[in-house]
Amino acid sequence: MPTAATFEIEYLQFLDADGSLVRNDLPAFARDTKQLVKLYQEMLMVRIFDGKAIALQRTGKLGTYAPCLGHEATYLAIGSAMQEDDVFAPSYREYGVQFHRGVKPRELLLYWGGDERGSNFSGPAHDFPWCVPIGTQCLHAAGAALAFKIRKEPRVAVCTIGDGGSSKADFNSALNVAGAMNLPLVAVIVNNQWAISVPRNAQTGARTLAQKGIAAGLECLQVDGNDLIAMRAAMDYGIKRARHGHGGICIEAVTYRLSDHTTADDARRYRPEQEVKDAWLREPLRRLKTYLMSLNAWTEEEETAWKEQCGRYVDAEVNAYLETKMPPVESMFDFTYAELPPDLVAQRSEVLAAEQAKSADRSAAAH
Amino acid sequence: MPTAATFEIEYLQFLDADGSLVRNDLPAFARDTKQLVKLYQEMLMVRIFDGKAIALQRTGKLGTYAPCLGHEATYLAIGSAMQEDDVFAPSYREYGVQFHRGVKPRELLLYWGGDERGSNFSGPAHDFPWCVPIGTQCLHAAGAALAFKIRKEPRVAVCTIGDGGSSKADFNSALNVAGAMNLPLVAVIVNNQWAISVPRNAQTGARTLAQKGIAAGLECLQVDGNDLIAMRAAMDYGIKRARHGHGGICIEAVTYRLSDHTTADDARRYRPEQEVKDAWLREPLRRLKTYLMSLNAWTEEEETAWKEQCGRYVDAEVNAYLETKMPPVESMFDFTYAELPPDLVAQRSEVLAAEQAKSADRSAAAH
Amino acid sequence: MAQITLIEAVTQALAWEMKHDPSVVVLGEDVGINGGVFRATIGLLEQFGADRVIDTPLDETTIAGITVGLAAQGMKPVAEAQFEGFIYGMLEQIICHAARFRNRTRGRMTIPAVWCAPWGGGIRAPEHHSEANEALFTNVPGLRVVLPSSPARAYGLLLAAIRDPDPVIFFEPKRIYRQYKEEVPDDGEALPLDVCFVLRDGSDVTLVTWGAQVKETLEAADALAAEGISAEVIDVATLKPLDFDTIHESVKKTGRCVIVHEAPRTAGFGAEISARLAEHAMYDLVAPVERVTGFDTHIPLFRLEMKYLPSVEKIVAASKRTLANS
Amino acid sequence: MAQITLIEAVTQALAWEMKHDPSVVVLGEDVGINGGVFRATIGLLEQFGADRVIDTPLDETTIAGITVGLAAQGMKPVAEAQFEGFIYGMLEQIICHAARFRNRTRGRMTIPAVWCAPWGGGIRAPEHHSEANEALFTNVPGLRVVLPSSPARAYGLLLAAIRDPDPVIFFEPKRIYRQYKEEVPDDGEALPLDVCFVLRDGSDVTLVTWGAQVKETLEAADALAAEGISAEVIDVATLKPLDFDTIHESVKKTGRCVIVHEAPRTAGFGAEISARLAEHAMYDLVAPVERVTGFDTHIPLFRLEMKYLPSVEKIVAASKRTLANS
Ligand SMILES: Cc1ncc(C[n+]2csc(CCOP(=O)(O)OP(=O)(O)O)c2C)c(N)n1
Ligand SMILES: Cc1ncc(C[n+]2csc(CCOP(=O)(O)OP(=O)(O)O)c2C)c(N)n1
Ligand SMILES: [Mg+2]
Ligand SMILES: [Mg+2]
């Protein structure tokens with residue numbers, strides 16, 4: 001039969017699980033070992049923060065928390081490939097991207113600590129807040145990309161989504177509109193193999209998740225998401241295309257969720273221990289460290305020193321979080337509309353009155 | 001770079017626009033010219049009905065109507081390839097499929113005539129009613145397919161969707177779940193090039209619509225939807241695979257909407273006349289007629305006689321429709337729940353009382 | 001100055017605001033070359049180009065989601081659902097994001113967007129083209145819900161909706177799109193989004209309504225007047241946030257209230273107005289509040305739809321009941 | 001006989017019905033091996049297999065749509081939204097199809113399906129895990145909306161919901177999933193879907209509520225009793241269709257009514273109850289109806305959420321106002 005169309009999806013990897021190069025066409029940025037070291041340090045920082053956050057939750061000082069253990073390479077690749085005025089639309093665990101873009105750990109903790117002020121963060125003001133409704137952030141990124149196109153700004157919108165989220169209607173809609181309107185959208189599927197208890201193969205019959213982009217006429221690429229170099233190369237490629245008006249791309253970052261889904265989850269209920277053990281052999285930090293040490297660009301001493309520095313930094317951030325005062329009760333009203341309508345004004349003063357009465361009682365009782 | 005996956009989408013055509021065979025591996029059914037003649041006759045009947053329905057609307061005897069001019073081959077191929085106990089989930093203009101499955105023109109007219117009773121039709125009771133919210137019917141078909149799989153019934157669910165509808169989130173969700181669960185779903189994209197005023201290329205950047213199935217890991221096929229033989233061969237192929245547990249397929253039927261979108265639309269506002277003229281050269285009836293006449297299986301005399309027969313049949317159906325009494329006013333309540341709750345009982349008697357009062361007034365006035 | 005219809009007023013407002021604010025864009029299905037299936041956007045493509053009058057792929061989820069993205073990045077999108085009955089695919093984005101971004105980010109990111117849709121029954125349209133589903137939005141904090149009922153109010157309220165810094169649901173009563181024309185100066189003057197409009201003064205009974213039912217309600221007021229009953233008619237116009245004071249003031253005067261809407265009665269927005277009267281006007285009321293509404297059924301296909309919709313007769317009868325009861 | 005919690009009663013009802021009706025299937029995200037994020041479906045996969053306990057792809061549109069398809073083809077699906085805050089992607093299918101198929105086809109095709117979701121706030125969960133959005137459904141004809149508030153009612157009402165020939169929205173008040181245990185015989189006995197439950201008799205004031213607020217409302221009744229005020233407590237349980245008679249009978253006796261719900265006040269379902277009282281019980285009421293509800297804001301993240309939710313204090317204060325006023 002005549003052929004209507006053919007497609008090919010490539011797989012990109014530079015560093016294998018053991019930290020040896022599998023190809024010799026290293027991209028320019030990767031020849032700058034200083035930069036690689038810096039990114040490795042940031043990856044390590046994220047991991048240390050992650051562990052600390054879990055500890056906080058376990059001791060009742062934080063609400064439910066979604067760890068990012070194992071995703072560090074993917075996230076730092078995304079963060080470092082983006083420019084400040086590009087827009088990032090995350091789901092809820094892309095801390096590596098966000099720290100690189102200026103979000104403070106204390107803000108992240110505030111968010112998971114049940115305080116809206118965490119989303120008013122120090123990262124770029126045009127970056128989107130954490131997004132809990134799966135997939136919906138991808139359309140925000142597409143809308144941002146459309147705004148850039150309309151205003152003829154050389155900016156790119158990047159969104160991240162999980163393997164589970166790649167099943168969500170919104171994600172496919174975002175890819176489709178990006179293709180239909182030739183938008184500067186870089187969509188990264190962070191395939192960590194699990195959507196809570198549902199394995200990647202239960203999400204779709206597609207051989208790769210990257211091929212979701214074919215339905216939208218987008219460029220597609222599958223990448224070893226545990227390989228910082230490959231992932232960064234993929235992001236550089238996709239962002240450059242998008243910034244120059246060549247349209248969107250769908251990148252599948254193949255990685256693994258080494259942690260529970262969140263602190264409210266117990267992965268042992270549904271996930272074979274052996275699978276996790278094997279995944280640890282492919283995790284992103286070890287291989288990059290090996291590679292950097294093979295170049296004599298990093299030493300165990302530096303590692304130890306850096307870990308201590310991270311510990312101090314994270315502790316300081318945690319204390320800043322713990323010392324944040326409760327938000328005033330009226331703040332629950334103040335951001336519902338730009339201007340409070342009469343109903344809300346009345347409800348607001350009702351609450352304030354009640355609060356004052358209570359504290360009056362308390363102080364009365366005190367005397 | 002290593003390749004993660006490759007895909008190829010084939011294009012299927014047997015009869016070209018002029019009615020000559022472009023390949024010699026005719027499928028078995030197509031060698032049975034009697035059957036081809038019968039299907040040609042049904043296509044002609046649909047076209048004659050279509051024109052009549054438009055005339056009814058123009059003369060105020062019908063509500064808004066969605067014609068199917070140009071889609072006849074696609075529809076009869078689908079209808080004739082399905083078994084009675086397969087399930088069909090249409091959008092709103094697949095009359096050729098439905099007539100073949102036993103829906104009566106009078107029922108169709110009742111529906112467009114603003115009467116719910118039209119959807120309680122004589123076709124298979126398990127077939128879905130017309131579906132106005134674009135794309136949603138595809139998930140009904142997927143659900144039906146899942147029911148068959150759970151009950152281990154060798155049945156297939158077929159849904160149709162437009163080129164515009166192929167952008168709708170639900171459609172992609174239906175393909176994805178069919179792939180993920182290996183469901184017997186045959187999804188046919190009836191690509192008639194227009195979604196009201198929006199051309200196919202504004203819907204997606206995808207080169208073919210068939211490739212939407214790649215995102216879901218489905219088999220994909222692009223077909224000349226104006227070629228009854230190719231379209232029927234594609235349906236036979238897809239239905240057989242599905243029935244034998246080999247999973248779903250996404251078939252793009254390339255055709256053309258020769259009419260306005262509906263009687264409420266004026267395509268001249270947005271569509272070049274020349275494009276329509278050219279499309280008429282590829283329309284499905286002419287080529288099949290030419291082919292059948294070249295086989296001496298059909299003559300002008302038979303054509304004339306058959307047209308008259310269709311005319312009489314359609315007129316009878318139209319009269320049956322026109323003679324249908326208004327539904328009783330209380331019928332607006334009676335199918336809201338299996339059993340009417342007190343509120344509705346009260347509202348229902350309220351209405352009946354008002355109606356009786358009115359008719360009392362009228363008869364009083366009459367004396 | 002030209003006399004224009006309600007839908008022409010919608011177009012006029014869009015054109016004015018697009019001319020004066022480059023950040024305003026219109027997006028939806030068939031809003032471009034076709035000018036919308038009701039012609040609400042006719043001429044805009046020619047005037048403002050395809051970058052600002054955007055035909056989207058056929059997916060309400062897409063439209064709603066990119067609208068949030070556009071608005072979050074400094075644009076002022078006016079998104080159209082082709083009919084109110086197709087707005088459901090937009091709800092996750094409207095409820096989870098448009099209505100919440102300001103609150104979620106403590107004001108860092110806001111969504112100054114408008115969602116328009118032709119609304120309501122009575123035009124002999126196919127299924128899903130005749131809903132009155134405003135109650136989907138009136139319980140959602142952070143939204144405004146607006147329903148104009150005249151050319152002038154359509155113009156002024158749509159301008160206000162586009163300029164409002166928060167998301168607005170703007171339902172257009174399609175049954176009265178072309179009911180009558182009136183002079184609507186194209187002066188860019190917005191109307192307030194936080195008041196009800198008293199369309200007719202009266203002393204015996206207050207008739208409260210919105211959207212296309214304003215037509216029947218005013219006709220009912222005439223019929224009542226002919227029988228010496230003086231009805232005050234209020235067009236709520238902005239359902240959320242509700243200007244209850246105007247309604248309350250009127251009921252203080254009349255002591256009676258009939259609420260008219262075409263949505264199903266149970267948990268329709270009329271319930272909120274009736275509830276507030278029960279809570280704040282109990283001692284002003286001399287008769288129980290009445291609701292004249294659609295029934296608790298789906299609006300029937302068009303052979304029966306007029307039997308479903310509130311009628312002048314029903315409004316008159318309900319008004320008389322409030323008078324009989326006292 | 002074992003004492004079980006509300007969520008264990010949900011599981012017990014699902015298991016009973018799946019055992020006795022092979023057409024019942026459960027589908028949703030993480031309902032399989034994980035047994036649901038709250039363990040509502042724990043053990044079902046082992047008992048009934050992957051054909052009947054179905055982990056779906058992560059897409060609410062998919063879940064809702066295939067649920068309609070399954071139900072239309074002879075199955076009785078119980079679809080789960082992982083949280084009420086993720087149900088929006090299901091609305092088009094629920095409103096346009098589940099609620100309408102019987103009417104659309106004149107009874108030829110019906111949708112005997114149940115949509116379950118954990119519902120409401122107060123568990124210190126992340127954003128979108130604490131909504132009370134029942135008002136999205138109560139204005140939609142063809143639906144039933146059910147909210148159990150005890151293990152026994154969860155068991156009996158869920159059985160009734162699954163057996164009901166029409167679509168049912170079944171919200172589970174997650175805050176009281178494990179509040180207390182009670183004996184719930186696993187006897188397959190369903191409870192009626194069309195009545196309110198009078199949980200406590202009283203003569204001075206009627207407290208009407210549903211879901212998790214039943215807890216605070218009963219505590220408020222105790223507090224009032226301690227001050228010599230006799231409060232009747234009604235659990236509405238089935239919001240739609242509403243059993244207004246039971247509420248009306250109570251108010252005839254008490255002359256006072258306080259409605260308690262955690263959803264935002266404006267256009268929350270409390271408005272419908274208040275409205276019906278205004279319309280049918282005006283002469284029975286000796287004091288204006290009161291509503292104690294969530295504010296017209298989004299429920300805050302958990303640092304402030306308890307300040308948002310109705311409290312025993314607020315219910316007691318409102319009850320006293322109804323007494324002071326007369
Ligand atoms: C619309 C919606 N449905 C359900 C959920 C509940 N939920 C939160 S995370 C999650 C799994 C997400 O898996 P994946 O997309 O793979 O991302 P990951 O958490 O693995 O990074 C689910 C079902 C949600 N947040 N939003
Ligand atoms: C969810 C939804 N959105 C919008 C519409 C309005 N509408 C009806 S038909 C149509 C175009 C459909 O085009 P296509 O899918 O190509 O099918 P065709 O009519 O060409 O057969 C639109 C936008 C609808 N019916 N449902
Ligand atoms: Mg995942
Ligand atoms: Mg089309």
Side-chain angles (χ1 to χ4, degrees), chain A residues 87 89 111 115-121 125-133 135-153 155 157 159 168-170 172-174 176-181 183 216 327 331-344, chain C residues 22-23 25 27 49-52 54-75 77 89 92-93 95-97 99-113 141-144 164-167 193-194 238 240-245 276:
Chain A
V87 161
Y111 174 73
D115 190 325
E116 285 81 359
R117 290 173 296 183
S119 289
N120 188 9
F121 50 52
H126 52 258
D127 273 9
F128 285 92
W130 293 284
C131 182
V132 170
T136 53
Q137 74 276 11
C138 302
L139 281 163
H140 302 159
L146 178 55
F148 304 155
K149 189 187 173 202
I150 293 170
R151 297 193 300 247
K152 308 197 171 16
E153 300 168 347
R155 300 166 64 187
C159 64
K168 185 104 181 322
D170 314 53
N172 296 285
S173 294
N176 188 63
V177 70
M181 298 185 179
L183 303 178
S331 67
M332 94 172 83
F333 295 92
D334 296 344
F335 302 94
T336 311
Y337 297 92
E339 239 182 79
L340 278 197
D343 290 358
L344 281 175
Chain C
S23 65
V25 298
L27 64 158
D51 271 357
R52 295 181 61 197
I54 304 163
D55 271 332
T56 64
L58 202 177
D59 183 46
E60 284 68 24
T61 305
T62 300
I63 298 170
I66 61 177
T67 295
V68 169
L70 284 163
Q73 299 297 328
M75 306 298 289
E92 182 165 37
Q93 287 286 349
I95 296 174
C96 293
H97 296 307
R100 296 177 85 127
F101 257 62
R102 177 185 296 279
N103 184 66
R104 172 178 300 145
T105 63
R106 304 285 92 172
R108 175 172 65 88
M109 222 174 219
T110 60
I111 308 298
L143 295 181
R144 290 182 190 275
D164 192 83
D166 291 304
L193 276 183
D194 53 7
T238 295
K240 183 180 182 73
L242 176 66
D243 165 24
F244 180 66
D245 290 351
R276 292 207 192 183

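Chain naming here is simple, since letters A, B, ... match the order of the sequence lines and numbering starts at 1 in each.
When atom types are taken as modelled, the side chain of C/T61 and the backbone of C/G89 share a donor-acceptor pair closer than 3.5 angstrom. With C/R52 contributing its side chain and A/I150 its backbone, the two residues share no donor-acceptor pair below 3.5 Å. Between the C/R102 side chain and the C/A99 main chain, no donor and acceptor come within less than 3.5 Å of each other.
Looking at C/D59, the atoms closer than 4.5 Å to chain A (heavy atoms on both sides) all sit in the side chain, from C-beta outward. For a residue to count as touching a neighbouring chain, one of its non-hydrogen atoms must lie under 4.5 Å from one of that chain's; by this rule C/L143 touches chain A with the backbone only. Neither the backbone nor the side chain of A/Y111 comes within contact range of chain C; no heavy atom of the residue lies under 4.5 Å from a heavy atom of that chain. Only the side chain of C/F101 comes within contact range of chain A, judged by heavy atoms closer than 4.5 Å. Looking at A/C138, neither its backbone nor its side chain comes within 4.5 Å of chain C, counting heavy atoms on both sides. For A/F128, the parts lying near chain C are the backbone and the side chain together; criterion is any non-hydrogen pair under 4.5 Å. For chain A, the nearby part of C/P165 is the side chain; its heavy atoms alone come within less than 4.5 Å. Only the side chain of A/D343 comes within contact range of chain C, with at least one heavy atom under 4.5 Å from a heavy atom of that chain. Residue A/V132 does not touch chain C at all, counting heavy-atom pairs closer than 4.5 Å. Only the side chain of A/M181 comes within contact range of chain C, with at least one heavy atom under 4.5 Å from a heavy atom of that chain. C/M75 touches chain A through backbone and side chain together, each having a heavy atom under 4.5 Å away.
Residues satisfying the salt bridge (charged side-chain N to carboxylate O under 4.0 Å, His left out) criterion with C/R108, sequence neighbours excluded, are absent altogether.
A salt bridge (Lys or Arg N to Asp or Glu O under 4.0 Å) check over residues 138-152 of chain A, counting only residues at least two apart or in different chains, returns the pairs A/R151-A/E153, A/K152-C/D51.
Side-chain contact check for C/V25 versus A/L146: every heavy-atom pair is 4.5 Å or farther apart.
When the candidates A/P341, A/A147, A/A338 are compared by the number of heavy-atom contacts under 4.5 Å with chain C, A/A338 comes out ahead. Comparing A/P129, A/A89, A/A169 by how many heavy-atom pairs each has under 4.5 Å with chain C, the most go to A/P129.
Rounded to the nearest 0.5 Å, atoms OG1 (C/T67) and NE2 (A/H140) are 10.0 Å apart. Rounded to the nearest 0.5 angstrom, A/Y337 OH and C/D164 CG are separated by 9.5 Å.
No donor-acceptor contact under 3.5 angstrom links the side chains of A/Q137 and C/H97, judged on distance only.
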